[in-house]
2 protein chains.
Amino acid sequence: MTFIDMLQGAAAQNDSMLCVGLDPEPDRFPAAMRGDARKIYDFCAAIVDATADLACAFKPQIAYFAAHRAEDQLERLMAHMRATAPHVPVVLDAKRGDIGSTAGQYAREAFERYGADAVTLSPFMGFDSIEPYLAYHGKGAFLLCRTSNPGGDDLQNQRLASVDGQPLLYEHIARLAQGPWNTNGQLGLVVGATYPAEIERVRTLAPTLPLLIPGVGAQGGDAAATVRAGRRDGGPILVNSSRAILYAASGEEFAGAARAAALATRDTLNAARA
Amino acid sequence: MTFIDMLQGAAAQNDSMLCVGLDPEPDRFPAAMRGDARKIYDFCAAIVDATADLACAFKPQIAYFAAHRAEDQLERLMAHMRATAPHVPVVLDAKRGDIGSTAGQYAREAFERYGADAVTLSPFMGFDSIEPYLAYHGKGAFLLCRTSNPGGDDLQNQRLASVDGQPLLYEHIARLAQGPWNTNGQLGLVVGATYPAEIERVRTLAPTLPLLIPGVGAQGGDAAATVRAGRRDGGPILVNSSRAILYAASGEEFAGAARAAALATRDTLNAARA
């Protein structure tokens with residue numbers, strides 16, 4: 001069972017393009033847990049239980065665990081997701097990027113220690129910094145391509161004089177990921193929801209890659225425009241929402257509110273399918 | 001006491017441009033520890049004790065700890081370095097790169113949890129992915145610029161059509177780091193030792209930034225050429241060696257052999273000063 005197989009299975013079973021991002025911030029937890037980093041697992045597990053039939057993937061962001069010395073809670077959460085929602089793949093959002101030998105250690109962390117099905121990576125150091133992850137056959141790797149943050153322009157949107165056709169840097173990455181770098185069909189791309197025209201451009205250059213699209217929800221991306229720009233038959237999208245689901249309500253009803261927010265987002269995304 | 005102050009102090013006190021990289025691989029430990037990830041702290045602490053009067057900085061690479069669930073050992077090692085060699089700054093090599101809110105969590109991990117004096121970062125997501133680290137006044141941040149791995153060319157060496165003077169991508173980063181991004185004097189650059197001409201180019205564009213230069217030693221960079229290309233009065237360099245020091249000998253004499261290797265490298269670097 002490869003990552004792509006799992007993704008397609010979960011997307012079909014849950015009729016969903018929604019990726020639920022797990023960015024736990026203890027200061028935003030409901031009152032009974034607020035500020036208590038020892039409750040990261042409990043909080044996230046409740047979100048997982050409330051949304052497991054609505055998501056095509058879960059995406060824990062490792063910084064939110066590491067900042068609180070909560071790697072053990074992330075391990076327990078990974079095990080919980082596997083037990084509760086074995087059909088839903090887990091993307092470990094880590095944006096690692098390093099030389100071969102070190103990349104091998106990071107791959108071991110993501111795939112062996114945490115048992116992730118896919119990981120997010122930075123392409124800045126080139127193909128040999130990606131290759132060690134691809135040695136884990138069947139696992140997925142999403143490369144940063146065009147990010148939705150204000151500084152995403154600073155490098156990604158620069159035009160390259162030295163590449164055929166003078167693509168923008170992010171366009172060059174999309175081509176590499178669809179073509180020569182995708183040696184075993186394991187690559188996807190991260191494209192922010194802020195600019196639908198750029199999602200469409202990436203989709204043109206990378207017609208079959210799964211696109212992980214953050215920026216809908218709290219970051220303000222338009223869900224329907226995102227689906228129209230990015231989704232194709234044979235070209236799946238994972239539209240991530242984190243804060244708008246996790247912190248949909250601040251009281252004891254947080255899990256129910258998270259479920260309602262996830263359901264509404266899933267349905268909004270589905271309604272935008274042609 | 002800022003990172004730059006610490007660096008200058010250690011470089012003067014230890015008469016050193018050598019950064020000792022801590023990339024613990026249990027399979028390469030001496031026989032009595034071999035293969036035992038619980039000995040990561042003991043191994044690294046012995047290296048620190050053997051080289052604390054020879055280094056201008058220590059650089060633990062976090063992947064080598066995280067792959068073995070050894071964050072607790074990294075915490076102990078950080079405390080040990082602070083106690084044993086309080087004058088030697090510690091660069092946490094993590095190459096993080098993420099949007100603002102997540103970057104804030106990674107900064108908390110590096111500076112609050114581990115107490116690092118500086119961190120390595122990827123500039124791929126732009127300035128707002130760097131800014132949260134600069135909120136820790138006095139801490140340092142080394143941005144990836146021109147890396148020494150084979151794939152370093154793939155993106156970093158592309159020429160930009162859309163920037164004045166059509167610099168290569170790595171030249172553009174060097175200018176940003178020396179200029180508009182260096183809002184509080186906290187930035188440095190990572191430049192591989194493999195290509196001295198490119199170190200010299202970066203030094204021309206970034207005359208005062210500290211340059212962290214890996215690739216001497218096991219990776220084959222020329223130490224003397226590196227110093228001539230990168231070191232200037234008011235423009236310090238940290239020349240990193242990891243494996244050639246850590247694994248200088250495979251028996252019980254490993255710490256003494258590491259000291260001898262560090263001493264020889266330090267002296268080779270110093271001899272290359274004009």
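Reminder, nothing fancy here: chain letters follow the sequence lines and each chain counts from 1.
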Per-residue contact mode, [X] against chain B (heavy atom under 4.5 angstrom):
X: A:E71; value: side chain
X: A:E75; value: side chain
X: A:I173; value: side chain
X: A:L144; value: both

Open item on the list: Strictly below 4.0 Å, N to O, side chains only: are B:D72 and B:R38 in salt-bridge contact?
Closed with: no

Task: B:R201/B:E171 salt bridge by N-O under 4.0 Å criterion - done: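 A salt bridge is present here (some side-chain N lies under 4.0 Å from a carboxylate O).
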
Open item on the list: At a heavy-atom distance under 4.5 Å, which candidate from B:R159, B:E109, B:E131 has the highest pair count against chain A?
Closed with: B:R159

- [ ] Evaluate ring pair (Phe, Tyr, Trp, His ring centres under 6.0 Å) for B:F43 paired with B:Y247, printing each intermediate quantity in order.
- [x] CA-CA 11 Å; B:F43 177 81; B:Y247 310 113; 5.8 Å; yes

Measure the shortest side-chain to side-chain distance between [X] and [Y] over non-hydrogen atoms and say whether it is less than 4.5 angstrom.
X: B:F254; Y: B:M33; result: yes
X: A:F127; Y: B:P150; result: no
X: B:L77; Y: B:F58; result: no
X: A:H68; Y: B:Q105; result: yes

Out of [options], which one racks up the most heavy-atom pairs below 4.5 Å with chain B?
options: A:T147, A:L176, A:L160; answer: A:L160
options: A:G126, A:A110, A:S129; answer: A:G126
options: A:H172, A:R113, A:E112; answer: A:R113
options: A:A103, A:S101, A:A94; answer: A:S101

Could you look at [X] and say if it's the side chain, the backbone, both or neither that has a heavy atom under 4.5 Å from chain A?
X: B:L168; answer: neither
X: B:R146; answer: neither
X: B:S122; answer: side chain

TODO: Indicate yes or no for a side-chain donor-acceptor contact from B:Q73 to the backbone of B:I40 under 3.5 Å, with no hydrogens or angles considered.
DONE: yes

